[in-house]
**Student:** 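Below you will find the structure I want to go over with you.
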Amino acid sequence: YLAKEGRTGVELYQPDKDRNSPERLTLLGDLRRAIDNRELRLHYQPKVGLGGGDVQGVEALLRWRHPVHGPIAPSDFVPLAEQSYLMRQLTAYVIEEALEQAAAWWHTGLRVQISVNISARDLLASALPEQLEVGLARYGLPPAAIQLEVTERILTGDQAYTQETIKALAALGVPLALDDFGTGYSSLIRLQRLAVSEVKIDASFVRRIAESEDDYRIVRSIVDLVRSLGLRSVAEGVESDDVAMRLVEMGCDVGQGWLFCHPMPAEEAAVWLRDRAGASVEYGYQPEVSSS
Ligand code: C2E
Ligand code: MG
Ligand code: MG
Ligand code: MG
């Protein structure tokens with residue numbers, strides 16, 4: 001099944017890297033059709049508290065099974081969409097799906113925050129705050145039922161429009177996480193100026209903290225920095241007990257990765273989450289990010 005992708009040994013289809021190749025243009029057309037036909041699915045991966053194993057939310061991750069090419073990884077089609085007019089539609093689609101899922105879970109007592117990945121470009125002159133406001137109201141959800149994850153690339157370049165959208169999201173009460181932290185050029189000052197509630201440390205640093213003294217020091221200093229700013233730290237790509245133990249040792253708040261579980265379709269995720277019902281009552285609810 002899709003959740004096992006990457007472990008099956010089956011080659012994933014990879015589009016040509018050349019930006020204007022006919023192959024990529026065809027794939028863009030296919031993607032648009034897939035959005036229209038609602039062929040794209042979201043899988044959900046829990047974020048687990050490293051202190052007590054409580055569930056802190058789930059991240060929604062796009063899955064696309066192409067009718068001809070089979071499964072295509074988001075890292076192969078999201079960047080393609082990002083360079084085109086399709087990104088807006090893709091993001092709107094993902095947010096709509098996530099809201100619908102959040103509502104379905106929420107109203108059956110599964111109060112789990114769903115994190116949605118958005119592109120840095122979605123924050124430019126964006127209709128995002130309005131879509132979220134309307135959607136949350138329609139489903140009767142509190143703003144913190146959804147979180148947006150955006151890469152630290154938003155910290156660079158022209159920030160005027162971006163800042164405006166971020167302010168609108170903050171006013172709405174929808175929390176923001178900084179994704180893939182450490183891979184870009186973020187400075188402490190910029191991080192401080194940004195209204196984020198969570199920083200996700202990129203898997204490329206987390207993966208080797210059990211073997212590499214350098215990586216251990218880098219991750220520990222990020223965790224310290226994030227804590228000193230009063231934010232929540234999340235380690236991505238936690239695959240082993242050794243890594244999890246070291247994260248606990250440095251005081252990292254939350255872990256996400258194959259050690260806990262792979263991204264799963266909604267029904268499977270619901271079973272997994274309900275199995276942890278004892279820990280699920282307070283699901284990721286940070287009183288300070290609720291709207292006032
Ligand atoms: P991301 O937001 O950093 O998501 C984490 C990625 O790490 C996911 O890859 C997830 O499946 C993978 N992962 C989780 N645990 C482990 C682990 O223990 N080890 C390893 N090696 N990997 C792990 P995925 O699903 O292939 O997504 C890749 C990227 O594509 C995401 O990175 C995100 O940037 C983007 N993406 C995915 N879904 C969406 C979406 O709905 N919208 C947008 N704009 N981007 C998306
Ligand atoms: Mg993410
Ligand atoms: Mg990430
Ligand atoms: Mg990452």
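Order of appearance sets the numbers: ligands from 1, and atoms from 1 within every ligand.
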**Student:** So which bit of Pro263 gets within less than 4.0 Å of ligand 1, heavy atoms only: side chain, backbone, both or neither?
**Tutor:**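 Contact part for Pro263 vs ligand 1: side chain (C-beta onward).
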**Student:** Only N/O/S atoms count here: what is the atom of Glu59 closest to the Mg ion (ligand 2) called?
**Tutor:**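 Result for Glu59 and the Mg ion (ligand 2): OE2.
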**Student:** Say whether Glu82 and ligand 1 are in contact under the criterion: heavy-atom distance to a ligand atom below 4.0 Å.
**Tutor:**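 Glu82: no contact with ligand 1 (<4.0 Å).
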**Student:** Tell me whether ligand 1 is touched by Gly237 - counting only heavy atoms on the residue side and a distance under 4.0 Å.
**Tutor:**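 Under 4.0 Å: yes for Gly237.
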**Student:** As a check for students: among Trp64, Trp258, Tyr93, identify the option with a heavy atom nearest to atom 22 (N) of ligand 1.
**Tutor:**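 It is Trp258 that holds the nearest heavy atom.
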**Student:** Just to be sure I read this right, does ligand 1 sit under 4.0 Å from the backbone of Glu236, its side chain, both, or neither, counting only heavy atoms?
**Tutor:**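 Glu236 to ligand 1: side-chain contact only, backbone stays beyond 4.0 Å.
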**Student:** Specify side chain, backbone, both or neither for Leu62, according to which of its non-hydrogen atoms lie closer than 4.0 Å to ligand 1.
**Tutor:**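 Both parts.
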**Student:** Heavy-atom distances under 4.0 Å are what count here, so tell me which part of Val78 touches ligand 1: side chain, backbone, both or neither.
**Tutor:**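 Within the 4.0 Å criterion, Val78 contacts ligand 1 through side-chain atoms alone.
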**Student:** Any chance the rings of Trp272 and Phe260 have centres within less than 6.0 Å?
**Tutor:**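 No, ring centres 6.0 Å or more apart.
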**Student:** Classify the contact between Arg121 and ligand 1 as side chain, backbone, both or neither, using a heavy-atom distance cut-off of under 4.0 Å.
**Tutor:**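 Near ligand 1, Arg121 shows nothing, with every heavy atom at 4.0 Å or more.
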**Student:** May I ask you to check whether Ser115 brings an N, O or S atom to under 2.8 Å from the Mg ion (ligand 2)?
**Tutor:**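 No, since none of the N, O or S atoms of Ser115 sits under 2.8 Å from the Mg ion (ligand 2).
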**Student:** Looking at Glu149, pick out the N, O or S atom nearest to the Mg ion (ligand 2) and give its name.
**Tutor:**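 Minimum-distance N/O/S atom of Glu149 relative to the Mg ion (ligand 2) is OE1.
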**Student:** In terms of relative ring orientation, are His66 and His69 parallel, tilted or perpendicular, with 30° and 60° separating the classes?
**Tutor:**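 Geometry flag for His69 against His66: tilted rings.
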**Student:** If you check every N/O/S atom of Asp179, which is the one nearest the Mg ion (ligand 3)?
**Tutor:**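 That would be atom OD1.
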**Student:** Taking both backbone and side-chain atoms into account, decide whether Asp202 has an N/O/S atom under 2.8 Å from the Mg ion (ligand 3).
**Tutor:**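 It does not: Asp202 brings no N, O or S atom closer than 2.8 Å to the Mg ion (ligand 3).
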